[in-house]
Colleague: 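There's a structure below that I have some questions on.
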Amino acid sequence: MNKLIKKLLKISGFKKLNPVQEEALKNGLLEGKNLVIASPTASGKSFIFEIAGINTLANERGKVLYIAPLRALCWEKYQDLKRKYEKEFGIKIAISTGDFDSSDLWLARYDWIIVTCEKCDSLIRHGAEWIKDVGLVIVDEIHLIDQIERGPTLEVTITRLKEIIQKTQFLLLSATIKNADELAGWINGKTIVSNYRPVKLYEGVCYNSKIVFLDKEGYKLDEDLPVEDSIVKNTLRFKKQIIFFVGTRKRAEKLAEKLGKTVKKYLTPNEKRDLNFLSEEILNVLEVPTKQCKKLAECVKNGVASHHAGYLSKQRILVEEYFRKGLLKVITATPTLQLGLNLPAWRVVVRDLKRYHPGFGALYIPVIDYKQFVGRAGRPSYDSWGESIIIARNEMEAEDLIEHYILGEPEKITSKLAVEPILRVHTLALIASDFCKSKESLMDFFSKTFYAYQFQDIERIKEKTFEIIKNLKKWKFIVSKKRKIEATRIGKRVSELYIDPLTAYFFIKSLKKVKKIELFGILQLISNTVEMKPLPNVKSKEFDELNEVIAERESCFLQKIPREWDLEFDDFLKSVKMALVFESWINEATEDDILTKFKITPGELRGRLEIADWLLYSLHELALLLRKKSILKDIKKLRVRMHYGVKEELLPLVKLKNVGRVRARKIWLSGIKSIKELRKVPIEKLSKIVGPNIAKNIKDQLKGKKVKERKVLTLKDFSFS
DNA sequence: CTGCTCGACGTCTAGACAGCATGTC
DNA sequence: CTAGACGTCGAGCAG
């Protein structure tokens with residue numbers, strides 16, 4: 001066996017290669033052959049690309065580019081690779097995602113670069129030179145190319161990479177899908193399909209108080225408990241952990257609450273003590289805990305936690321960490337945990353197999369999703385096998401579910417490229433980065449996509465693209481000279497800002513119209529964009545109130561108010577609600593106020609504010625290009641207020657480090673209303689307001705003249721645990 | 001008159017990427 | 001064309 005592989009095996013703590021890995025080697029993994037590998041989670045796909053990556057670097061075949069769909073996944077992979085290989089092989093590993101960025105210019109100096117798909121797209125648009133030096137491209141979770149929202153970006157990004165670096169090796173990693181061959185055909189490579197798992201998985205069904213497996217003896221359950229409880233009881237008797245997948249957030253929270261009663265009987269005093277600490281930590285993530293935080297904290301005391309996107313990421317990370325450590329026994333989750341993330345449990349229960357789709361009602365989830373869920377069953381170094389359980393109502397249903405999910409074949413994946421908004425974004429991007437300079441070259445590009453390969457026909461795309469080009473011209477983002485198409489200055493900027501050209505068009509239209517700025521109007525403008533969608537629902541009770549707001553503030557709006565019977569009215573109403581939420585935020589409402597009043601969870605609010613920040617920045621940049629000097633300052637101010645969630649009067653105070661909305665308000669209330677006054681206040685008095693440490697810190701910051709020190713942030717500064 | 005239970009009816013539903021420049025309680 | 005859990009509100013009943 002190759003010396004290098006031996007060394008890598010040792011580092012990763014494996015004894016020998018598994019069948020999938022052998023297969024990959026046989027098919028030219030180290031010889032630069034393109035491969036599609038379709039196998040279950042935890043089948044050792046990571047190790048395959050690690051071998052390929054290190055080999056590429058060792059033979060100086062160029063950089064390695066790793067693309068994953070989630071920031072969390074990138075972060076996990078980054079830490080893992082760094083720990084294992086950076087020192088050992090003297091290679092430099094970098095991460096570049098929306099929240100962590102090893103400054104783009106420097107990326108050229110790194111050997112192995114980890115990015116999200118959108119970031120990769122953005123880097124290409126900004127013309128990153130080092131892309132040319134990439135010798136191996138690894139795309140993780142490639143089956144997401146099927147997703148309507150983000151798949152096309154992935155598809156276009158891969159196509160562009162293929163065009164820029166034609167000799168480069170491509171390694172596509174996928175969940176088990178039906179048509180992996182098609183993907184392989186597209187990238188002109190070979191397919192490796194396998195069902196190998198390092199830990200044996202037994203898939204079963206639960207009905208009539210028993211769990212039945214296909215190829216293993218089942219369990220009899222307590223009949224006097226609800227199903228979920230008796231499954232948990234059965235699990236805890238083996239001293240094992242379990243994850244439940246359910247359909248909605250509410251159900252996840254509810255189930256966690258319910259299961260606490262059963263779980264707490266199995267906790268040792270030590271565990272109870274540790275859980276109380278954890279509970280406390282989870283409770284105090286916010287200035288004022290919301291009802292939701294309190295509920296989660298209560299559950300955690302019993303060794304159970306729910307997990308979904310409505311929580312703050314810090315809370316989620318805590319839950320994941322302590323489940324991994326074995327302290328938490330049960331997680332009830334929505335599909336947040338579907339992808340990647342190393343969070344296995346001995347047992348996985350898929351409780352809700354139907355999910356609601358607007359306009360279609362409740363539909364069964366795809367087999368791929370089911371397989372991804374149960375892929376988490378079995379912790380490689382702890383369990384000698386894993387178990388997954390579907391909950392059925394009766395024997396009849398159980399048989400159907402076994403047939404469909406356990407024995408069934410995963411679906412085909414199909415290209416979703418012909419979807420308008422995304423095609424619009426990419427058409428402009430292709431033109432703006434001079435990648436395509438005519439209709440013909442655009443069509444030539446699209447003919448190299450997975451869509452074209454799969455359907456052998458790009459007529460639909462052609463039609464849509466021509467329509468899009470017409471609009472982009474109308475909006476003055478592109479111009480055509482003779483047969484050539486070119487982006488205008490503003491078109492280029494729009495493409496770089498990574499916003500939908502349609503959003504940019506609305507922004508520009510509004511900016512041209514605006515004379516005096518109305519904050520509410522701006523807030524509504526950024527709320528009614530593609531980027532902000534899907535907007536939180538308007539409850540029927542809120543309807544009247546919102547209509548009143550609309551009437552009262554009629555003059556604020558930058559867009560024309562649609563009529564109640566217009567199609568856009570629904571979105572308009574939602575955007576007004578969103579604007580009200582933002583307004584409360586910058587008027588210093590707490591997260592709990594917002595949760596109570598608008599039913600928007602802290603996690604969701606945080607997410608929206610992030611989008612708002614990005615859109616406000618874009619709005620500012622467009623105003624700059626339009627020479628709307630008079631409103632630049634106002635937009636900037638609004639952006640800062642949104643960032644901190646403060647009224648205008650606190651703006652001077654939040655400029656200080658370690659002073660956010662809470663401390664700033666405290667200081668202000670004590671009568672200190674400006675930096676000037678703050679300088680005069682004796683440190684003793686300030687200590688009483690914000691505590692001695694912070695007081696000293698503030699005073700130190702004021703010592704220096706006006707010079708603001710800029711710190712170059714490295715990733716070391718972000719430690720998660 | 002008050003407080004409770006029950007059922008009919010109505011309501012609501014998963015997730016998360018990007019720009020830029022850096023730090024809350 | 002298609003679901004199902006949960007909240008709300010009013011009716012009906014006991015105290």
Side-chain angles (χ1 to χ4, degrees), chain A residues 68-74 96-101 103-104 115-123 125-126 144 147 149-150 153-154 157 245-252 254-255 284-289 308-310 313-314 333-339 352-365 369 422 425 493-500 531 533-534 536-541 599 603-604 606-608 610-611 613-621 639 643-645 654 656-664 666 690-691 694 697 708-714 717-718:
Chain A
L70 263 61
R71 293 169 179 178
L73 236 66
C74 289
S96 178
T97 65
D99 45 359
F100 302 109
D101 208 329
S103 162
D104 299 351
V115 290
T116 54
C117 164
E118 284 76 6
K119 188 67 186 192
C120 183
D121 182 23
S122 160
L123 287 166
R125 288 180 194 205
H126 282 85
L144 293 185
Q147 261 193 357
E149 299 87 357
R150 296 174 58 204
T153 304
L154 185 56
T157 304
F245 283 103
V246 297
T248 68
R249 294 175 183 182
K250 206 187 272 170
R251 282 184 226 176
K254 197 96 186 169
L255 183 59
N284 292 321
V285 161
L286 287 173
E287 19 159 326
V288 183
H308 61 67
S313 65
K314 202 167 175 187
T334 57
T336 5
L337 292 177
Q338 191 170 35
L339 294 177
D352 303 342
L353 285 162
K354 282 186 169 174
R355 209 164 307 145
Y356 178 81
H357 294 264
F360 296 93
L363 300 175
Y364 278 105
I365 61 167
D369 288 20
I422 296 145
V425 171
R493 192 73 188 114
V494 168
S495 175
E496 281 177 356
L497 288 168
Y498 217 91
I499 55 176
D500 190 318
E531 284 76 6
K533 269 164 211 164
N537 267 331
V538 170
K539 325 268 183 239
S540 53
K541 273 186 194 160
K599 297 269 178 291
E604 236 161 348
R606 210 54 70 90
R608 300 299 164 167
E610 217 173 280
I611 299 169
D613 188 47
W614 162 45
L615 289 175
L616 283 171
Y617 173 80
S618 303
L619 188 67
H620 177 268
E621 292 301 291
R639 210 181 143 207
H643 184 88
Y644 291 101
V654 292
L656 290 162
K657 261 198 216 165
N658 293 315
V659 177
R661 62 188 326 222
V662 176
R663 286 175 186 155
K666 267 191 189 165
V690 289
I694 300 291
N697 185 299
K708 255 200 169 177
E709 242 186 75
R710 270 203 188 165
K711 194 175 137 201
V712 178
L713 212 60
T714 59
D717 299 326
F718 290 96

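Side-chain atoms are counted along with the backbone in the values below, which use heavy atoms only and exclude waters and symmetry mates. To find a chain, count down the sequence lines: A is the first, B the second, and so on, and within it residues start at 1.
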Colleague: Rounding to an integer number of Å, can you tell me how far L353(A) CG sits from dA3(C) C1'?
Modeller: 13 Å
Colleague: Quick check with a 6.0 Å cut-off and a 45 degree axis cone: is R639(A) positioned over the face of Y617(A)'s six-membered ring?
Modeller: no
Colleague: Going by the rule side chain to side chain donor-acceptor pair (under 3.5 Å), which residues pair with R150(A) if we only count those two or more places apart in sequence or in a different chain?
Modeller: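 Side chain to side chain donor-acceptor pair (under 3.5 Å) check on R150(A) returns E118(A).
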Colleague: So what does the secondary structure string of DNA chain C come out as, 5' to 3', with Watson-Crick or wobble pairs under 3.5 angstrom, [ ] for crossing and | for pairs with another strand?
Modeller: ..|||||||||||||
Colleague: Partner lookup for dG19(B), please. Criteria are Watson-Crick or G-U wobble with both distances under 3.5 angstrom; report none if nothing qualifies.
Modeller: none
Colleague: Not counting sequence neighbours, which residues clear salt bridge (Lys or Arg N to Asp or Glu O under 4.0 Å) with R493(A)? List them please.
Modeller: E496(A), E621(A)
Colleague: Grab the NE2-P distance between H643(A) and dG19(B) for me, whole Å please.
Modeller: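 The answer, rounded to whole Å, is 17 Å.
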Colleague: Measure the distance from CG on D352(A) to P on dC6(C) and round it to the nearest whole Å.
Modeller: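 Those two atoms, CG and P, are 10 Å apart.
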Colleague: Minimum heavy-atom separation for I499(A) to W614(A), with atom names?
Modeller: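 Scanning both residues, the minimum pair turns out to be CG2-CZ2, 3.9 Å.
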Colleague: So, using salt bridge (Lys or Arg N to Asp or Glu O under 4.0 Å) as the criterion, who are the partners of D500(A) when residues are at least two apart?
Modeller: R424(A)
Colleague: Rounded off to whole Å, could you give me the OH-to-P distance for the Y644(A) and dT22(B) pair?
Modeller: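 Checked: the OH to P distance equals 10 Å.
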Colleague: Roughly, in whole Å, what's the span from NZ in K657(A) to P in dT24(B)?
Modeller: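 Atom-to-atom, K657(A) to dT24(B), this comes out as 9 Å.
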Colleague: Please encode protein proximity along nucleotides 10-17 of chain B as a string of B, S and -, counting only heavy-atom distances under 4.0 Å.
Modeller: -SSBSBBB
Colleague: Report which part of the nucleic acid G691(A) touches: base, sugar-phosphate, or nothing (heavy-atom distance under 4.0 Å, all strands).
Modeller: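 Nothing, no heavy atom under 4.0 Å.
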Colleague: How far, in whole Å, is dG7(C) from dA14(B) if one measures between their P atoms?
Modeller: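 Roughly 15 Å separates the two P atoms.
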Colleague: On DNA chain B, compare the nucleotides closest to V285(A) and R639(A); which residue's is nearer the 5' end?
Modeller: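 Final value for this comparison: R639(A).
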Colleague: Provide, to the nearest angstrom, the distance between the CG atom belonging to L656(A) and the P atom belonging to dC25(B).
Modeller: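 Going from L656(A) (CG) to dC25(B) (P), I get 11 Å.
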Colleague: Measure CD1/I499(A) against C1'/dC20(B) and give the value in whole Å, please.
Modeller: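 After rounding, the gap between these two atoms is 14 Å.
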Colleague: Looking at every non-hydrogen atom in both residues, tell me the closest pair between A309(A) and R249(A) and how far apart they are.
Modeller: CB-NH2, 3.9 Å
Colleague: Mind checking N658(A) for me? I need base, sugar-phosphate or nothing, with any heavy atom below 4.0 Å counting as a touch.
Modeller: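 Since only primed, P, OP1 and OP2 atoms lie under 4.0 Å of N658(A), the category is sugar-phosphate.
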Colleague: By the 4.0 Å heavy-atom rule, please label L363(A) as base, sugar-phosphate, or nothing.
Modeller: base
Colleague: What is the distance, to the nearest angstrom, from the CZ atom on R661(A) to the P atom on dT24(B)?
Modeller: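 Distance check: R661(A) CZ to dT24(B) P gives 13 Å.
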Colleague: Looking only at non-hydrogen atoms, find the nearest pair between L70(A) and T116(A) and report the distance.
Modeller: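 Between these two residues, the closest heavy atoms are C-CG2, 4.0 Å.
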Colleague: Mapping K254(A) and G359(A) to their closest nucleotides on DNA chain C, which lands nearer the 5' end?
Modeller: G359(A)
Colleague: Hey, which sits more toward the 5' end of DNA chain B by its nearest nucleotide, V659(A) or S618(A)?
Modeller: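 Closer to the 5' end of DNA chain B: S618(A).
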Colleague: With sugar-phosphate meaning primed atoms plus P, OP1 and OP2, does R606(A) contact a base, only sugar-phosphate, or nothing at under 4.0 Å between heavy atoms?
Modeller: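 Nothing, no heavy atom under 4.0 Å.
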Colleague: When you measure only distances, ignoring hydrogens and angles, does the side chain of D613(A) come within 3.5 Å of the base of dG19(B) through a donor and an acceptor?
Modeller: yes
Colleague: Does the side chain of Y498(A) come within less than 4.5 Å of R125(A)'s, by heavy atoms?
Modeller: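 Yes, side chains in contact.
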Colleague: If I compare all heavy atoms of C120(A) with all of V115(A), which pair ends up nearest, and what's the gap?
Modeller: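 That would be CB-CG2, 3.7 Å.
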Colleague: Check salt bridge (Lys or Arg N to Asp or Glu O under 4.0 Å) between R663(A) and all other residues, then give those that pass, not counting sequence neighbours.
Modeller: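 Partners of R663(A) by the salt bridge (Lys or Arg N to Asp or Glu O under 4.0 Å) criterion come out as none, since no residue qualifies.
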